[in-house]
Amino acid sequence: MKETQAEILCNEKLNRRYRHMKVKISDWNVSEVNPGQFFHIKTTEDNLPLLRRPFSIYRINEDNNTLEFLYLVKGVGTKKLEERKPGEILDILGPLGNTFTIHQGGKGMLLVARGVGIATLSALAFAANKADIPCFAVLSARSKEDILVEKELNEVGVKTFLVNDQDGSSDPESVRLIAEEIINHRQVDSIYTCGSKRLSVLSRELSEEYSLFAEIALEEKMGCAMGACYACVCDVREGDEIRTIRLCQDGPVLPLKKVVF
Amino acid sequence: MKETQAEILCNEKLNRRYRHMKVKISDWNVSEVNPGQFFHIKTTEDNLPLLRRPFSIYRINEDNNTLEFLYLVKGVGTKKLEERKPGEILDILGPLGNTFTIHQGGKGMLLVARGVGIATLSALAFAANKADIPCFAVLSARSKEDILVEKELNEVGVKTFLVNDQDGSSDPESVRLIAEEIINHRQVDSIYTCGSKRLSVLSRELSEEYSLFAEIALEEKMGCAMGACYACVCDVREGDEIRTIRLCQDGPVLPLKKVVF
Amino acid sequence: MANLEVSIGSLKLKNPIMPASGTFGEEMAAILDFNQLGALVPKSITKTVRKGNPTPRICETFGGMINSIGIQSKGLDYYQQITVPFYSKFSSPLISSISADSIDEFTEVSEKISQMEEVAALELNISCPNLKKDGMAFGMDANVTRDLVSAVRQVTDKPLIIKLSPNVTNIGVIALAAEDGGADALTVANTFIAMAIDVHTRKPKIGNVIGGISGPSIKPLVVRLIHQVYQVSNLPIIGCGGVMNGEDAIEMMLAGASAVQVGTANFVHPTVMLTILQEIQDYMEQYQITSLKEIIGKIEGSNQHDGMGSFN
Amino acid sequence: MANLEVSIGSLKLKNPIMPASGTFGEEMAAILDFNQLGALVPKSITKTVRKGNPTPRICETFGGMINSIGIQSKGLDYYQQITVPFYSKFSSPLISSISADSIDEFTEVSEKISQMEEVAALELNISCPNLKKDGMAFGMDANVTRDLVSAVRQVTDKPLIIKLSPNVTNIGVIALAAEDGGADALTVANTFIAMAIDVHTRKPKIGNVIGGISGPSIKPLVVRLIHQVYQVSNLPIIGCGGVMNGEDAIEMMLAGASAVQVGTANFVHPTVMLTILQEIQDYMEQYQITSLKEIIGKIEGSNQHDGMGSFN
Ligand SMILES: Cc1cc2nc3c(=O)[nH]c(=O)nc-3n(C[C@H](O)[C@H](O)[C@H](O)COP(=O)(O)OP(=O)(O)OC[C@H]3O[C@@H](n4cnc5c(N)ncnc54)[C@H](O)[C@@H]3O)c2cc1C
Ligand SMILES: Cc1cc2nc3c(=O)[nH]c(=O)nc-3n(C[C@H](O)[C@H](O)[C@H](O)COP(=O)(O)OP(=O)(O)OC[C@H]3O[C@@H](n4cnc5c(N)ncnc54)[C@H](O)[C@@H]3O)c2cc1C
Ligand SMILES: Cc1cc2nc3c(=O)[nH]c(=O)nc-3n(C[C@H](O)[C@H](O)[C@H](O)COP(=O)(O)O)c2cc1C
Ligand SMILES: Cc1cc2nc3c(=O)[nH]c(=O)nc-3n(C[C@H](O)[C@H](O)[C@H](O)COP(=O)(O)O)c2cc1C
Ligand code: FES
Ligand code: FES
C-alpha cells in the first residue's frame, strides 16, 4: 500500500456514462496488484471534494507498469476525475483490500456483472486468461450502449453474453437461463459477481444449486480505506453469528454465502 | 451593474508576479464603464474560493467592446484566476463603484502609483489622453522588473518616471523630488494616487502645498461589492466629523483630503 | 405551474425564498427584481446610529466566511423615514430585522416599527449581545429569550419571528422558550461564532477578533438545528445558513423549514435567489410536487432523534 | 534543527502532532512511521464489544464530512491484549481514548487501562451520550463533566486529558468544570453535531440520521473554541478539528493549543501528519522560532474577548 503520484496516460469517454483511465506507475511494480483490489483516488488537488474515491483495478499491465480503471461518472468526485487530462499527475493510494480467489486448475469461471461491476471482474478475467482457465461473462446494463469492455474481454478469450434492460433480457430469470446454459454445457466450477443485488441473489442461488465456488465484490462508502475508520462495514454470517467486517480491509471480495442481503 | 459572462481573450503573465487579462463583453456596451470603477470577479466556477475578488478596470476598449485587467497573483483567488484560459467564460459583476473626476480642460495630471495601483490609474491615463490632458506618471515598484505597463502608457503619450526599492529611488523623499520637478515645470493641476500609504501621504502633502486637485483609489476587503454588507468601510473626515463610508459604493475613489490615514 | 406559496403563521408568502438580514440591501434592486422574492429582509436596525466594528470586517474560510460588521446602523429614524418607504414600493412583504442591547430597547424599537403599516412582520435578532448579561447573547439563555419575546409580544400584533442563535447546547429549549413567549415563527439560525488567525502576522483576520461564520460550510450544522427545532416546536421555521442552490433549500424544507433565507450566496451571485426559485420549481416538476407543503418536514426514515450525544 | 518538543502537563512529546481518535489505526503503520508522531491515539475503546451504527456511516459535505460510526469497539479485553501491546512497540507515547455510557463505566475502564504501563495518558471522550441523562452527552453539562472527571481522577495517576464537546453554549464553563474535577489537559474539540438529507431519496445521508462533522469547514469554529478555553483555563490544550496542513496547526497553537490532533486529513493523505511536521519546521525556520513555546497562545492584538454575542 502506497500513496503514489501516477501519470495519467489516458482518460477517455467510453460512452455517455463511463470513462476509461490508464495511469503509469513509476516508483513500484504493478505485479503486486491483484484482481479484486482497489485504489483510493484523490480526484482533484484542491479539497473539493475532500475525500478520496475508491475504484477497482480493471486491468494490470505488467509489461509497461500501468494500471487501468473504468468508472461511471456519477457525482462530484467522478466529475472532477473526468476533467483530468493526460500528462497530469493523479494521487492514488493502494493497492487496497483483498483479492478474488482463483482455483489454480479450476475448470471454468462464470462472471455475472452489472454495469461498471465488470471493471472489478475484468481484472479477474484477465488473470483467468493467464492461468488458462476458461472464462464466461454475463454483462448486464441499462442499455446496449452501456455495455462495457466486451471487445477487450473477447480479445483474451472471454466469451461474453450481453443483456440489457431495454429488451428485458437483463431480468434475473433471463440471466438465470443464460447462466444455467453456461454452467450445464461449459464446465464451470466457480461464479463471481459484482454490481447488482438482484444478480447477487441469483448468483448465490446458482452457486448453491450447482455447488459452485462463489465470490462477490461489494461496495460501501469509505473514509480511510485502510481499516482505521469503520465507515465501510458490512454484516457477514459466520455460522450462526452475524459479524461486522470492514470492506476496505476484510473485503471488498467476500465469499458469496457469507453475505447478508 | 450586471453579472456578465465574459469570454477570456487573453490571460498572460507580465512578469513573475503580475498578469494581464482581457475579456470580451457580448451583451452590453463597455462605454458605460469609467476609470476608477471595478469589477467583482468570480475566479473559479466551483466555490473554492467562495467569494468574488475585486479588480479595477485597467483599460476600456470601446472599439472592440473589451475590458482589460492587471492583477497581482497573491492568494487563493488570484491563483485560480491565473489558471483560467482564453476561451473560458469568466463571471464578472460590474461596473461597480464611483469614478475619478477629470477636469475637462485640466492643465495636466500627475499619477503616483505603487505596484499594481497603476492598474486603477491607467484607466484614468487613457481617458486623459482622449480628453487631451497631459499626463505624467510615477511608477513605483519593488524592483525594475515589477514595473508595469510603462510601454502602454508611453504609447498614449503619458510620460513615465520609474522608481524602485532596489536602488532606493522609490522612497518618498526621492519621489517628492521627481513630483515637484513635474509640478513645477509641466503645468500640473491634479494628482491621483493608488497603491501605497506612504505615497498617499506624500501626494496629500503635495496637493496641499501646490493646491492640486487630489483623489485616491482605496482598497478594503469586500463581501457584496454592492453596498449591502458593510464589509468595505473606511473612515472619512467631513469637516469636524468622522463618517464611515462603504468603499464599494461611495468609493473606491475618494478626495484625498478626506481620507483618514 | 407549481405552487410555491408557503405561510409563516399568518404571513402568506408567494414563495419560500427571502434574503438573510445583513446580506441584502436597497442597492441590489439595480440587479435583482425584488418583486419576485418571498419577502424582503433588510439589515438589522438599531435604535440609534451605530458605527460598527473595526476593519477587516470579513475574511474567507474553507467554504464560508466570517463577518464582524458590528450591526452598523443608521438608526431608527432613518429606517422609518427612508428604508421602510423604499421597500414598501415592492409587492413582497417587508420583514424588519431588529437588534438591540436590552429588552427595553427591543421593545421600544419593535413598538415603533410595528406602527408602520408597510412592515409585514418583525424578526428579532437575538444573537446580539445583551449588555445586561455581560454581553452574552439574548438567544443563549432560555429565560432571557422568553422574557424578551414576551415583552415584545406586548407591543406588537405583527407576526413575530425570532432568529435563534445556533451557539447553544440545546436549541430546542430556546425554541420552546420563544414559543412560550409568544413568537409566531423561528428563523434557524444566525451565524456560528468563529475565528481565524493569520499565521504570518499572528493577528486575528477579523478586526473584532471573533465573528460569525456563514456559507455552505455551516449548512450541515443548520440542517441539524432545523431538524431539532422541528421536532420540539410547533412554530413554522425559516431555515437559514449555507443555502447556495435549490437543493439546499429543499434539504432545509425536508428537515422542517417552511421558508428559507439566503445570505452569503447573494455575494457570490447577486441574483442567486431567482436561480434558487427556478431550481425549486424544477425539483417540484421532477417529483410531481404540486405544493411545497408536501415536502416540509417530510424527511423519510428519520426516527425521532433529539440530536444530542456523540456518534463517532 | 528547530525544537518541536511540547508538553501536555507532565507528558513530554517530541512534537505537537498526533492523530485524532477514530481516524487512525494499526493498519496505517504500513504507510506511516508511527515513531515520528508526537503521540499515538487509537479509536475510543468501550468496556464491551459494540457493533456501531447502521450504514451509511459517513457522508461528505462542503469542506468536511459527517460520521456516525457509533463507537464500534472490540471491547476492553481485546484492547488490553492486542491493541495496547501493538502500539507499545513504538517510541511515541500511547494515549488511550475511552468512551462509556456512564460515569461508573468510565471509571472502571480508566482504572483498568491505567494499570498498563504501556499507556502514557488517558483521553476521555465525553461527547458520548450519558445514558443516565437521556442520552445527552456528558460534556454538555458542567456538573456532569466535573463529576465524571473527579471520579476518574480517583482511579488514575496518569495524565488525564478531557476531550470536550463543541456543542455547548459556553465551552469555558465546561473547561473549568473539567479543570476543577482534576483534568491535566483538554482536547478542543470533538465533532459538531450535523445532518444532511438526500433530496432525491428524501432520506438522511447517514444511517443514524445525525452525526458529527469534521474537516476543514469546522476549523474556524474550533480556533474560536481554543481561544475561549485558553482565556479561562490554565490547562494545556490539544487543538483538534479541521487541521489539513502546517499553517492550520500553527493557527491553533497561536490560539492557545500546545499540541494538535489531525483527523479527517489522514483520510485524504495518510502521511499528512509527517507533511504537517515538516511544514511546522519550515515555518519555524522562516520566522526564526527556536521553540514552539514562542508561539503557543501568542496571537497578537487580541483583546480579551469572551467569544459571546453576535457580531453581524
Ligand atoms: C471497493 C470499491 C470499488 C469500486 N470500484 C469502482 C469502479 O471500478 N468503477 C466505478 O465506476 N465505481 C466504483 N466504485 C464506486 C465509486 O467509488 C463511486 O461511484 C464513487 O465514489 C462516486 O463518487 P462521486 O463523487 O462521483 O459520487 P457522489 O455520489 O457525489 O459521492 C458522494 C460520496 O459517496 C461515496 N459513494 C457514492 N457511491 C458510492 C459507491 N457505489 N461505493 C462507495 N462509495 C460511494 C463517494 O465516495 C463519496 O464519498 C467502487 C466502490 C468501492 C467501495
Ligand atoms: C476596488 C478594488 C480594486 C482592486 N483592483 C485591483 C487590481 O486592479 N489589481 C490587483 O491585482 N488587485 C486589485 N485589488 C486587490 C485584489 O482584490 C486582491 O489582491 C485580491 O482580492 C486578492 O485575492 P486572493 O484570493 O488572491 O488573495 P488572498 O489574500 O487569499 O485573499 C483573501 C481575502 O482577502 C481579500 N483581499 C486580499 N487582499 C485584498 C486587497 N488588497 N483588497 C481587497 N481585498 C483583498 C480577498 O478578496 C479575499 O476575500 C483591488 C481591490 C479593491 C478593493
Ligand atoms: C456580512 C453579514 C452581515 C450580517 N448581518 C446580519 C444582521 O444584521 N442581522 C442578522 O440577523 N443576521 C445577520 N447576518 C447573518 C445572516 O442573516 C445569516 O443568518 C447568516 O449569514 C447565515 O446564512 P448564510 O450562510 O446563507 O449566509 C449577517 C451575515 C453576514 C455574512
Ligand atoms: C470517522 C471518525 C471517527 C471518529 N471516532 C472518534 C472516536 O472514536 N472518539 C473520539 O473521541 N473522536 C472520534 N472522532 C472525532 C475525531 O477524533 C476528531 O475530534 C474530529 O474528527 C475533528 O478533527 P478533524 O476535523 O481533524 O477530523 C472521529 C472522527 C471521525 C471522522
Ligand atoms: S473505509 Fe475506513 S475502515 Fe474501511
Ligand atoms: S462590500 Fe458589501 S458594502 Fe461594500
Side-chain angles (χ1 to χ4, degrees), chain C residues 22 44 53 61-64 66-71 125 127-129 135-137 140 167-169 190-197 199 202-204 208-213 216-217 219-221 223-224 227 247 250-251 254-255 283 298-303 305-312, chain D residues 22 53 61-64 66-71 125 127-129 135-137 140 165 167-169 190-197 199 202-204 208-213 216-217 219-221 223-224 227 247 250-251 254-255 283 298-303 305-312:
Chain C
S44 298
N53 289 336
T61 60
F62 196 109
I66 304 176
N67 90 79
S68 191
I69 307 297
I71 314 281
N125 172 6
S127 292
C128 44
M136 188 170 116
M140 285 181 166
N167 303 295
V168 296
T169 307
N190 214 309
T191 50
F192 290 76
I193 309 172
M195 173 171 165
I197 304 169
V199 298
R202 296 190 179 189
K203 291 206 181 108
N208 186 52
V209 183
I210 66 173
I213 189 169
S217 61
K219 191 191 63 173
L221 301 162
V223 171
R224 182 264 298 184
H227 177 68
E247 289 201 359
I250 300 284
E251 184 178 7
L254 286 167
Y283 177 89
K298 294 302 187 319
I299 180 175
E300 282 172 18
S302 127
N303 309 322
H305 204 302
D306 66 356
M308 292 297 185
S310 157
F311 309 91
N312 300 316
Chain D
N53 289 336
T61 60
F62 195 110
I66 304 177
N67 90 80
S68 190
I69 306 296
I71 314 283
N125 172 5
S127 292
C128 44
M136 187 171 116
M140 286 181 168
S165 163
N167 303 294
V168 295
T169 306
N190 214 308
T191 51
F192 289 78
I193 310 172
M195 173 171 167
I197 304 170
V199 298
R202 296 189 179 188
K203 291 203 182 111
N208 186 51
V209 184
I210 66 172
I213 190 168
S217 61
K219 191 190 63 173
L221 300 162
V223 170
R224 182 264 299 185
H227 177 69
E247 288 201 359
I250 300 284
E251 185 179 5
L254 286 167
Y283 177 89
K298 294 300 189 320
I299 182 176
E300 284 172 17
S302 127
N303 307 325
H305 205 302
D306 66 358
M308 294 295 188
S310 157
F311 309 92
N312 300 317

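Convention: sequence-line order gives letters A, B, ...; per-chain numbering from 1. Since the model is a prediction, treat every value here as computed from it, not as a measurement. Heavy atoms only: backbone and side chains are in, while hydrogens, waters and symmetry mates are out.
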Practice problem: Name the member of D:Ile69, D:Asn67, D:Ile197 that forms the most heavy-atom pairs with chain C at distances under 4.5 Å. | Solution: D:Ile197

Exercise. Indicate whether the side chain of C:Asn190 and that of D:Asn312 have a donor and an acceptor atom separated by less than 3.5 Å.
Key: yes

Exercise. Give, as side chain, backbone, both or neither, the part of D:Leu221 having an atom under 4.5 angstrom from any heavy atom of chain C.
Key: both

Quiz prompt | Max heavy-atom pair count under 4.5 Å with chain C, selected residue of D:Ala255, D:Pro220, D:Ser217 | solution = D:Pro220

Quiz item: With a 4.5 angstrom heavy-atom cut-off, which part of C:Ile250 approaches chain D: side chain, backbone, both or neither?
Solution: both

Practice problem: Can you tell which part of C:Ile213 gets under 4.5 Å to a heavy atom of chain D, answering side chain, backbone, both or neither? | Solution: side chain

Exercise. Find the distance between NE2 (C:His227) and CG (C:Leu254) and round it off to the nearest 0.5 Å.
Key: 12.0 Å

Self-check item: Atom group of D:Asn53 that falls short of 4.5 Å from chain C, counting heavy atoms
Solution: side chain

Practice problem: Would you give the length of the straight line joining atom CZ of C:Phe311 to atom OG1 of D:Thr191, rounded to the nearest 0.5 angstrom? | Solution: 9.0 Å

Quiz item: Are side-chain heavy atoms of C:Glu251 and C:Val223 found at a separation under 4.5 Å?
Solution: yes

Quiz item: Any side-chain heavy atom of D:Arg202 within less than 4.5 Å of one from C:Ile299?
Solution: no

